[in-house]
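Written out below as structure tokens is the structure these notes cover.
Residue indices begin at 1 and follow the sequence shown. Read the numbers this way: they start at 1 and go in the same order the structure lists the ligands and their atoms.
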Amino acid sequence: MEVVILADADAVAAYVADAIVNVVGSRPMPVLGLATGSSPLGVYAELVRRHRAGMVSFHDVRAFLLDEYIGLPTGHPESYRAFIDAHFAGLVDIDAANVHVPGAGAAEEGVSGAAIADACVAYEADIRAAGGVDLQLLGIGADGHLGFNEPTSSLASRTRVKTLTEQTRRDNARFFAGIDEVPRHVVTQGIGTILDARHLVLIATGAAKAAPIARAVEGPLTSMCPASAIQLHPTATVVIDEAAAAHLTLADYYRTTFANKPAWQTP
Ligand code: F6R
């Protein structure tokens, strides 16, 4: 695992945007795994800026979101489909048909559990058919969740329905009129699904992420902190600001390693 500690959120956004632009420029049909929430917002803004400056095209990109709420009507502004359109996909030249959302079409209110289960299986097949994810962007929840894999999620899990913890519902209530409006159920890529991506890039900024980052990077591998599963991945990069690095025991080692990283060393 590589841990990159940068001065602030802007530096984190620029660094991760570089990694995404590299992947997009180096493959004929790049496949991106996209996260939602506030952590990747700076990255998306930077990618949109570079696209508008003519520096990158997303024309041939296929994108797969990590997760989606169940029960929000199509077009609901807090659905993750609407989120990704508003902050990234709708602002660049990616083909809307190539932006995939888990449970899409089946996760709306009133649809059967069987239809959602079928959509989860189809989502896994769609990722495989695209050739797998080249770069998977990730955030981390206060309780250590990865995607919406809450504590005690199987480390081998695949795309499926999960129930949000009350802490996650409280954390996400800031996007809704109140906690009562935050759905309890979601469809999320499983931890096994996420670990299949060729490169994981986990972003975190701010003091509130210091404890979960320390558990994910340096704590024991445990389903009580699903993000600790990145320790199993051969190519995982954790990109954080100083505030989110505050609880890391080996922070100086990570800084020295990064400062002395040879040009020939790939992630
Ligand atoms: C979102 C997702 C979640 C978020 C996490 C952090 O697609 O998968 O795991 O990354 O809840 O959310 P923010 O970035 O809003 O703190």
Can a donor-acceptor pair be found between the side chains of E150 and T163 at a distance below 3.5 Å?
-> no
Any donor-acceptor N or O pair under 3.5 Å, side chains R215, T222 | no
Of all the non-hydrogen atoms in the protein, which one sits nearest to [atom], and at what distance?
{"atom": "atom 9 (O) of ligand 1", "answer": "G147 O, 2.6 Å"}
{"atom": "atom 12 (O) of ligand 1", "answer": "K209 NZ, 4.2 Å"}
{"atom": "atom 1 (C) of ligand 1", "answer": "T36 OG1, 3.2 Å"}
{"atom": "atom 14 (O) of ligand 1", "answer": "S39 OG, 2.5 Å"}
{"atom": "atom 10 (O) of ligand 1", "answer": "G139 CA, 3.3 Å"}
{"atom": "atom 11 (O) of ligand 1", "answer": "H145 NE2, 2.6 Å"}
{"atom": "atom 8 (O) of ligand 1", "answer": "D67 OD2, 2.7 Å"}

Would one find an N or O of S38, backbone or side chain, under 3.5 Å from an N or O of ligand 1?
-> yes
Ligand-side contact atoms (ligand 1) for residue partner L66, heavy atom cut-off under 4.0 Å | 8 (O)
Ligand 1 atoms nearer than 4.0 angstrom to some heavy atom of G37 are 14 (O), 15 (O)
Show your working on ring pair (Phe, Tyr, Trp, His ring centres under 6.0 Å) between F175 and F83 and close with a plain yes or no.
-> CA-CA 11 Å; F175 298 115; F83 176 101; 7.3 Å; no
Between H100 and F64, does the ring centre distance come in under 6.0 Å?
-> yes
Just by modelled atom types, is the A156 backbone N or O under 3.5 Å from a matching donor or acceptor in the S154 side chain?
-> yes
Qualifying residue for side-chain hydrogen bond (donor to acceptor under 3.5 Å, both in side chains) with D196, from R128, R158, Q136 | R158
Is there a heavy atom of R174 sitting under 4.0 angstrom from any atom of ligand 1?
-> yes
Taking heavy atoms and a distance under 4.0 Å, where does I140 meet ligand 1: side chain, backbone, both or neither?
-> backbone
Does the distance from a Lys or Arg side-chain N to an Asp or Glu carboxylate O, for R169 and E181, drop under 4.0 Å?
-> no
Between G139 and A35, the two heavy atoms sitting closest are N-CB, 4.2 Å
